[in-house]
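First comes the structure, then the notes that go with it.
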Amino acid sequence: MEYKFTDIEQKWQQQWKNSNTYRVSNTSSKPKYYVLDMFPYPSGAGLHVGHPLGYIASDIYSRYKRLKGFNVLHPMGFDSFGLPAEQYAIETGQHPAETTQKNIATFKSQLDKIGFCYDWEREVRTSDPSYYRWTQKIFLDLFNSYYDKAANKAMPISQLLAQFKNTGNPAGTHYAPFTASQWNGFDNKTQQDILMHFRLAFSKYGEVNWCEALGTVLANDEVVNGLSERGGHPVVKKKMRQWYLRITDYADRLLQGLETVDFSDSMKDMQRNWIGRSEGAEMDFDIKDNHQKLRVYTTRPDTIFGVDFMVVAPEHELVNQIKSASQAAAVDEYVAYVKSRSDVDRMAEKKITGCFTGAYAINPFNGVEIPVWISEYVLAGYGTGAIMAVPCGDERDFKFAQHFNIPITNIIGQHFNGQEANPTKEAILENSGFLNGLLMKDAIGTAVAAIEQKGIGIKKINYKMRDAGFSRQRYWGEPFPITWQDGVAQPLQQTNLPLQLPHVDKYGPGPEGEGPLANIAEWVNSPEGRRETSTMPGYAGSSWYFLRYMDPTNTETFCSRSASDYWNQVDLYIGGTEHAVGHLLYSRMWTKVLYDLGYIGFDEPFKRLVNQGMIQGSSRFVYRIAGTNQFVSAGKKNEYDVQPLHVDVNIVDGVQLDVEAFRKWKPEFADAEFVFEDGTFSLSCSMGAVKDMQYICGVETEKMSKSKYNTVNPNELCDKYGADTFRMYEMFLGPVEQSKPWDTKGIEGVHRFLRKLWRLFFDELKGRVWNNDAATDAELKILHRTIKKIEEDTERFSFNTAVSTFMICVNELADAKCHKKEVLQQLLILLTPYAPHIAEELWSQLGNSGSILDASYPVLNAALLVESSKAYPISINGKVRANINLALDLDQAAVEQLVLQHEVVQKWLEGKAPKKIIYVKNKMVNVVL
RNA sequence: ACUCGGGUGGUGGAACUGGUAGACACGCAGGACUUAAAAUCCUGUGCUCCGCAACGAGCGUGUGGGUUCAACUCCCAUCCCGAGUACCA
């Protein structure tokens with residue numbers, strides 16, 4: 001009986017489906033465990049071998065946890081709203097709903113082929129109205145909430161409204177103060193406009209990243225180097241009315257929350273950098289001969305006496321009010337120049353530019369007059385849009401001063417060499433008035449105190465992170481449940497949700513930069529007013545999907561409190577690093593809001609995050625002699641004028657090209673001729689493969705993509721070797737977290753292992769070979785060593801070494817000719833998470849009924865691993881020279897005595913006594929001469 | 001430039017708290033079975049040297065130094081690769 005993996009896998013996949021093996025209940029006496037994959041965007045290309053890496057890892061862990069007695073939630077769904085589907089729709093004339101439907105079907109069939117244990121009854125799709133009605137509902141919650149700074153949490157906006165009515169807005173908030181009577185005197189529009197400044201989801205005119213080619217606004221993290229992340233189109237700044245999420249109010253909690261979760265250091269670091277918290281002070285400088293004050297932000301108030309000039313962002317509103325008559329023309333010209341420069345220009349050439357405004361600020365501590373400049377290196381959007389420049393301590397300020405010949409004041413003595421700025425905090429201050437003699441890092445506090453005491457500034461914390469843009473001028477996304485009446489946003493009643501996306505035939509942009517929805521008059525003009533025509537961004541639906549899996553069919557709420565209380569946080573979340581600052585920050589924020597509003601009982605969504613590495617493609621090249629249909633082997637390519645062409649990796653064995661397959665690959669290569677590695681030449685006529693005539697391809701590691709012909713379809717590997725082999729091979733390739741190029745070559749080794757395992761049970765000739773004999777101690781030792789190692793490896797996500805452990809175990813059992821059920825049965829349970837199909841099959845062949853997933857996990861008998869004595873290496877001065885057999889219960893003194901009697905040790909000692917003998921229990925003995 | 005990872009055989013990678021570096025697998029070489037192939041099995045495989053051989057010696061984890069009886073592992077310096085951020089005051 002041989003290992004017929006195709007039959008076995010089909011049989012069990014069907015069996016699992018029929019008996020609902022993977023259905024999960026929300027009521028169980030078992031402890032819960034929630035394993036989640038970042039759900040995929042169902043693109044038209046289907047899965048390639050890179051995608052399932054994380055899914056296999058999570059599947060292994062889920063099955064392992066289930067065997068260990070947990071009630072495991074392991075769902076899957078689709079992030080099915082988004083730009084590519086819409087782009088594809090425009091290109092092919094199909095509706096995104098149709099293509100999405102088709103793509104999801106392909107994805108699901110591919111996933112099922114690998115044998116994942118998803119509970120498909122919990123599947124979610126973000127583009128389903130039954131799903132996005134809740135995305136819209138949560139949006140309304142965001143819209144109807146504000147961040148209460150005192151309580152440090154989100155509260156219903158009705159509370160704020162009551163406060164405005166009764167006591168007004170006190171001084172010190174981000175909005176100008178007003179009294180209750182003032183508030184009550186405002187008309188509705190004014191009141192609503194003010195409330196808009198507090199809502200967590202709010203609308204305002206703002207500079208946005210506008211991408212002309214895509215016809216939409218992009219979030220900061222969707223823009224890379226001034227180009228769109230998708231497609232690489234230029235992005236410009238544009239003023240538009242947009243929706244935003246007030247994520248900046250959560251900056252501190254997003255930062256603090258990182259302390260409570262188990263993410264990798266680099267992941268936490270990326271989030272910290274993105275949030276970009278900095279502590280400093282804001283202070284006002286009087287402008288000479290002018291009533292204006294210039295407010296700057298600095299993290300180094302200790303350097304206040306080293307300020308040689310001020311720099312204001314060119315867009316700053318103060319510029320026009322303070323520029324002197326003589327400098328006005330130059331300032332206007334410079335501002336025009338800056339406006340003409342796009343982000344791409346700025347990135348490409350960073351040169352020092354600027355213009356003196358003619359105005360002077362007064363240093364409040366010594367009355368010195370400081371020239372005020374404008375320059376594009378100061379950003380309008382950060383801090384106050386103005387800085388105090390300290391050239392001896394800041395590199396950019398220094399270069400600016402040098403470029404414009406501004407004299408530099410040295411306040412750090414020898415620490416400043418005049419050649420470059422020194423940003424140290426360890427210097428003793430000089431030329432610094434009341435700060436003289438203080439260490440800079442101590443002077444920061446002193447300076448802030450003085451600033452606050454003078455009433456010219458306050459301590460201030462700033463963040464790099466901006467509020468998140470939340471609207472897109474696109475069709476394929478969630479419509480906003482908002483209508484506009486006389487410039488006031490009106491939320492839709494919750495009972496009217498979902499607000500369904502209308503069907504359109506044309507996806508072209510609407511007028512004035514609006515989205516395609518603006519073209520549908522009957523939709524835009526609703527009885528309640530004019531509908532919002534933009535849609536929500538891709539991250540809306542993915543910010544809360546992990547909650548919906550807990551209670552996927554609830555029609556009363558997005559997720560009942562009892563369900564979210566039971567499943568609680570995602571215990572293990574697996575996905576790529578590319579979502580470090582996008583999805584992960586947004587979903588963390590949404591979770592905090594839902595927690596603040598009392599919908600859920602936890603404020604961090606993901607307890608532990610594991611980032612799987614990217615599997616890159618390993619491309620193969622053939623070299624065509626320019627202008628001919630002749631191809632040169634890699635080793636000879638330098639002798640000709642060649643043009644490298646990507647060749648399908650699936651017709652290359654390692655690096656050796658299958659010449660016949662190549663001729664059949666594309667019609668243009670049908671009569672290709674070859675110059676082989678040994679220099680021999682082939683004729684175009686078909687000829688049998690001659691052994692020594694090898695065509696060697698070039699190799700390069702690149703991103704996996706169809707156009708590079710380096711994609712490998714998991715379906716084909718499953719057909720050829722079986723899903724179990726495929727799963728184990730993906731794991732065997734290396735650590736899950738590591739990126740690595742795909743190489744199909746080694747898959748044979750894993751396949752051989754599974755066949756060898758099969759032969760422990762069945763022999764091709766003899767048939768059944770497993771038996772019911774009692775296992776020997778030696779055999780049980782092999783088993784229990786494996787139990788121990790597999791458990792350790794699985795727990796710490798070291799799946800590659802776990803696969804090795806299985807191989808060693810099977811090799812040892814085969815060598816020992818051990819075919820005993822007592823041992824094999826336990827081994828199968830260990831193997832189940834990794835190779836579920838073959839484990840199920842052999843489990844039932846051994847005469848067990850029911851799924852192996854309901855078997856009890858083997859218990860380690862540690863006593864079986866203990867040896868009575870052990871061979872220890874003896875090293876002399878760190879170098880191993882001999883071995884000695886020692887009983888395990890010996891103490892240091894007894895070991896020393898035995899070691900000294902050892903003939904090799906005596907030879908080295910030459911009659912002298914050793915300095916000391918080190919005995920590391922269970923490891924080794926070292927003699928120091 | 002800054003921050004975070006990472007450099008181990010021909011290749012992918014093991015070595016968990018410092019304790020016999022190179023597990024396991026691929027590849028390669030040789031052999032058995034076979035008319036032959038496939039499949040399977042066995043042996044060898046870091047480098048260098050000595051020898052017919054058993055055996056033995058030396059060198060080896062990017063590079064240079066240090067701590068230690070003992071370093072892939074810890075410390076200092078330096079080079080290279082990858083990821084992220086990019087005028088954030």
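By convention in this document, chain letters (A, B, ...) are assigned in the order of the sequence lines, proteins followed by strands, and residues within each chain are numbered from 1.
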Exercise for the section: Take atom CD1 of A:I747 and atom C1' of B:U11, then tell me their distance rounded to the nearest Å. Expected result: 17 Å

Practice task
Measure from the side-chain N and O atoms of A:K268 to the backbone N and O of A:L258, and report whether any donor-acceptor pair falls under 3.5 Å.
Solution key: yes

Exercise for the section: Provide, to the nearest angstrom, the distance between the OH atom belonging to A:Y463 and the C1' atom belonging to B:A89. Expected result: 17 Å

Practice task
In whole angstrom, give the distance that lies between atom CD of A:E578 and atom P of B:G82.
Solution key: 19 Å

Exercise for the section: Among B:A89, B:A86, B:G13, find the nucleotide with the atom closest to the side chain of A:W274. Expected result: B:A86

Exercise for the section: Once you apply the 3.5 Å cut-off to both distances, tell me the Watson-Crick or G-U wobble partner of B:C16, or none. Expected result: none

Problem - Candidates B:U40, B:G19, B:A57 - which lies nearest the side chain of A:R881 - result: B:A57

Completion exercise
Scanning all shown strands, the Watson-Crick or wobble mate of B:A36 with both distances under 3.5 Å is none

Exercise for the section: Determine the interplanar angle of the A:H583 and A:H579 rings, folded into 0 to 90°, and report it as parallel if under 30°, tilted if 30 to 60°, perpendicular if over 60°. Expected result: perpendicular

Problem - Whole-Å distance separating the CE atom of A:M924 from the C1' atom of B:A71 - result: 13 Å

Completion exercise
A:N877 CG to B:G19 P, in whole Å, measures 18 Å

Completion exercise
pair_partner(B:C41), Watson-Crick or wobble, both distances < 3.5 Å, evaluates to B:G31

Exercise for the section: Just compare B:G19, B:C41, B:C87 and give me whichever is closest to any side-chain atom of A:Y377. Expected result: B:C87

Fill in the blank from the handout: From the candidates B:A14, B:U3, B:C42, the one with an atom nearest any side-chain atom of A:D815 is B:C42

Problem - Which nucleotide in B:C87, B:C24, B:U20 has an atom nearest any side-chain atom of A:V880 - result: B:U20

Fill in the blank from the handout: Taken to the nearest whole Å, CZ/A:F806 to P/B:A23 is 20 Å

Fill in the blank from the handout: Scanning all shown strands, the Watson-Crick or wobble mate of B:A53 with both distances under 3.5 Å is none

Problem - Closest listed nucleotide, where the reference is the side chain of A:M270 and the choices are B:C26, B:G12, B:G84 - result: B:G84

Completion exercise
Whole-Å distance, A:D743 CG to B:A25 P, equals 17 Å

Handout entry: Complement of B:G84, any strand, by Watson-Crick or G-U distances under 3.5 angstrom
Key = B:C2

Problem - Residue A:Y382, side-chain heavy atoms: nucleotide from B:A89, B:U20, B:C16 that is nearest - result: B:A89

Practice task
Measure from CZ on A:F762 to C1' on B:A39 and round the result to the nearest Å.
Solution key: 20 Å

Exercise for the section: Please work out which of the three classes, parallel, tilted or perpendicular, describes the rings of A:W373 and A:F400, given edges at 30° and 60°. Expected result: perpendicular

Exercise for the section: Compare the minimum distances between each of B:G19, B:C4, B:U40 and the side chain of A:R755, then state the nucleotide with the smallest one. Expected result: B:U40

Problem - Pairing partner of B:A70 (Watson-Crick or G-U wobble, both distances under 3.5 Å) - result: none

Exercise for the section: Find the partner of B:C59: check Watson-Crick (N1-N3 plus N6-O4 or O6-N4) and G-U wobble (N1-O2, O6-N3) distances, both under 3.5 Å, and reply none if neither fits. Expected result: B:G46

Practice task
Compute whether any side-chain donor of one residue and acceptor of the other, for A:E795 and A:Y64, lie under 3.5 angstrom apart.
Solution key: yes

Practice task
Using atom types as modelled and distance alone, determine if a side-chain donor or acceptor of A:D397 lies under 3.5 Å from a backbone N or O of A:V390.
Solution key: yes

Exercise for the section: For the side chain of A:P873, starting at C-beta, report the closest nucleotide among B:U20, B:C16, B:A23. Expected result: B:U20

Practice task
Indicate yes or no for a side-chain donor-acceptor contact from A:T299 to the backbone of A:G280 under 3.5 Å, with no hydrogens or angles considered.
Solution key: no

Practice task
Return the nearest nucleotide to the side chain of A:D269; candidates are B:C24, B:A89, B:U3.
Solution key: B:U3

